[in-house]
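Throughout, residue positions are numbered sequentially from 1 according to the sequence presented. Computed over heavy atoms, backbone and side chain alike; hydrogens, waters and symmetry mates excluded.
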Amino acid sequence: MAGYVTTVANPGRAVLERPRHITEPRVMRWCLIAVALLFLGFMLILPLASIFVEAFRKGWEVYIAAMQEPEAVSAIGLTLTVAAITVPLNVIFGIAAAWAITKFNFKAKNVLITLIDLPFAVSPVISGLIYVLLFGAKGWFGPWLQAHDIKIIFALPGIVLATVFVTFPFVVRELLPLMQAQGTQEEEAAVTLGAKGWRIFWKVTLPNIKWGLLYGIILCNARAMGEFGAVSVVSGHIRGETNTMPLHIQILYNEYQFAASFAIASLLVLLAVVTLIVKSLIEWKFQGQHKTEGA
């Protein structure tokens, strides 16, 4: 198998050689590649292709008409609005949390890291139910909210809160390993030169984490647009008001409006593909810059 081989050049000193070429038989390599391609074809490419086939089965006119329906326009606008609110909030939290964890020592650091991972362990449906129990009509704060005519559940604020909960680990989890690997030497050097907090952040920290930050933003945005479970609980499924694109797709499919449901689904797929393209470009740019700096 390919790998690094350790040889002894001097007593007590190990030298790493370059990895050798793979020596597996050609048949085995082709079998492994074929298995991988078949799996991707059946589990990823074929389902995505079927979405576009079903979306255009009844023609371009039906496809455009499905996009122009008032309920579809509302769902698209609500999805983009929620993402536009959720992503900046998660960016602020992610930078602040990653900065605090990697640059400072405090007693509750492990607790904070555990809480950051909580949305990965809790079902999105449960997270939505938590907000219903807090802000619903019979929740802890429900009577007070009703008395002051403030709507959170079955309205935009509740959808934003649920989406923020399920997406906030993405930015901070991309920044943590990057900032931990960079250490605090550059910030400490800036302090010795008289720089203050915000100047250190803008001139030293942010340039070093910009690619990881962009990567986290893309992942957060993709999850925010595609979130279903938590949003389904807090939205109330009010047509033309609180249905995001995933919820609108479900309603159309359950009503046997297959062409319209697949049309909206194809738009969501296109947004996901654009997200992946941007993600790949950022990774390529980051790797190119890393190689340049290493040279």
Side-chain angles (χ1 to χ4, degrees), residues 43-44 47-48 51 71-72 74-91 93-94 114-142 145 151-174 216-255 257-258 260-273 275-276 279:
M43 300 301 295
L44 182 63
L48 293 180
I51 290 176
E71 294 178 359
S74 174
I76 295 171
L78 180 60
T79 300
L80 297 177
T81 300
V82 171
I85 298 173
T86 300
V87 173
L89 292 177
N90 282 321
V91 169
F93 168 80
T114 302
L115 292 176
I116 288 172
D117 292 333
L118 185 62
F120 290 140
V122 177
S123 169
V125 175
I126 300 301
S127 65
L129 181 61
I130 291 172
Y131 287 108
V132 173
L133 295 176
L134 288 175
F135 306 113
K138 297 183 179 180
W140 291 4
F141 306 106
L145 292 172
K151 293 189 66 176
I152 295 181
I153 301 301
F154 305 158
L156 177 61
I159 297 174
V160 171
L161 286 174
T163 307
V164 167
F165 180 86
V166 298
T167 58
F168 79 80
F170 287 95
V171 175
V172 63
R173 269 301 169 191
E174 290 299 323
I217 290 173
I218 290 172
L219 294 178
C220 178
N221 181 70
R223 178 62 188 273
M225 290 190 298
E227 175 55 32
F228 177 85
V231 172
S232 177
V233 175
V234 301
S235 70
H237 296 271
I238 304 174
R239 289 175 176 265
E241 295 184 19
T242 62
N243 280 336
T244 58
M245 291 174 66
L247 300 182
H248 186 59
I249 292 169
Q250 182 199 35
I251 290 175
L252 292 176
Y253 189 84
N254 289 338
E255 294 178 347
Q257 301 183 45
F258 298 123
S261 65
F262 280 107
I264 305 300
S266 69
L267 178 59
L268 199 58
V269 170
L270 287 175
L271 293 175
V273 171
T275 301
L276 291 176
K279 168 181 167 291

query = Do the side chains of Ile76 and Leu80 get nearer than 4.5 Å, heavy atoms only?
reply = yes
message = Which residues pass the ring pair (Phe, Tyr, Trp, His ring centres under 6.0 Å) test with Phe262, not counting sequence neighbours?
response = none
Within-4.5 Å side-chain heavy-atom neighbours: Val234 and Phe154 = no
key: Heavy-atom side-chain proximity of Thr163 to Thr244 below 4.5 angstrom   = no
query = What is the distance from atom CZ of Phe170 to atom CG of Asn221, rounded to the nearest 0.5 Å?
reply = 11.5 Å
request  = Step by step, work out the side-chain contact (heavy atoms from CB on, under 4.5 Å) result for Leu129 and Val125.
outcome  = CA-CA 6 Å; Leu129 181 61; Val125 175; 5.6 Å; no
task = Compare all side-chain heavy atoms of Asn243 with those of Ser74 and state whether any distance is below 4.5 angstrom.
result = no
key: Between CG on residue Leu247 and OG on residue Ser232, distance to nearest 0.5 Å   = 5.5 Å
ask   = Checking side chain to side chain contact (heavy atoms under 4.5 Å, CB included) against Ile130, which of Val132, Leu133, Leu134 comes through?
value = Leu134
request  = Could you tell me whether the side chain of Pro246 reaches within less than 4.5 Å of the side chain of Val231, counting heavy atoms only?
outcome  = no
key: Shortest non-hydrogen contact from Glu174 toward Gly216   = CG-CA, 3.7 Å
request  = Enter the distance from Glu71:CD to Ile238:CD1 here, rounded to the nearest 0.5 Å.
outcome  = 12.0 Å
Ile251 CD1 to Asn254 CG distance, which is reported to the nearest 0.5 Å = 8.0 Å
remark   = Here the pair of heavy atoms bringing Cys220 nearest to Asn90 is SG-ND2, 3.2 Å
note = Thr167 and Ala224 have their tightest heavy-atom pair at CG2-N, 3.9 Å
key: Heavy-atom closest pair, residues Val166 and Ala230   = CG1-CB, 4.0 Å
Separation of His248 NE2 from Leu268 CG (nearest 0.5 Å) = 12.0 Å
task = Measure the CD-CE distance between Gln250 and Met245 for me, rounded to the nearest 0.5 Å.
result = 14.5 Å
ask   = So, do Asp117 and Arg173 sit near enough that their side-chain heavy atoms are less than 4.5 Å apart?
value = yes
inquiry  = Please enumerate all residues that pass side-chain contact (heavy atoms from CB on, under 4.5 Å) together with Pro119, with sequence neighbours excluded.
reply    = Phe165, Phe168, Pro169
query = Less than 4.5 Å apart, any side-chain heavy atom of Ile153 and any of Tyr131?
reply = yes
query = Which atom pair, heavy atoms only, marks the closest approach of Met225 to Ala83?
reply = CG-CB, 4.0 Å
task = Would you please test Thr242 and His237 for side-chain hydrogen bond (donor to acceptor under 3.5 Å, both in side chains) and show each step?
result = CA-CA 6 Å; Thr242 62; His237 296 271; over 6 Å; no
query = Do Phe93 and Ile116 have side chains that get closer than 4.5 Å, going by heavy atoms?
reply = yes
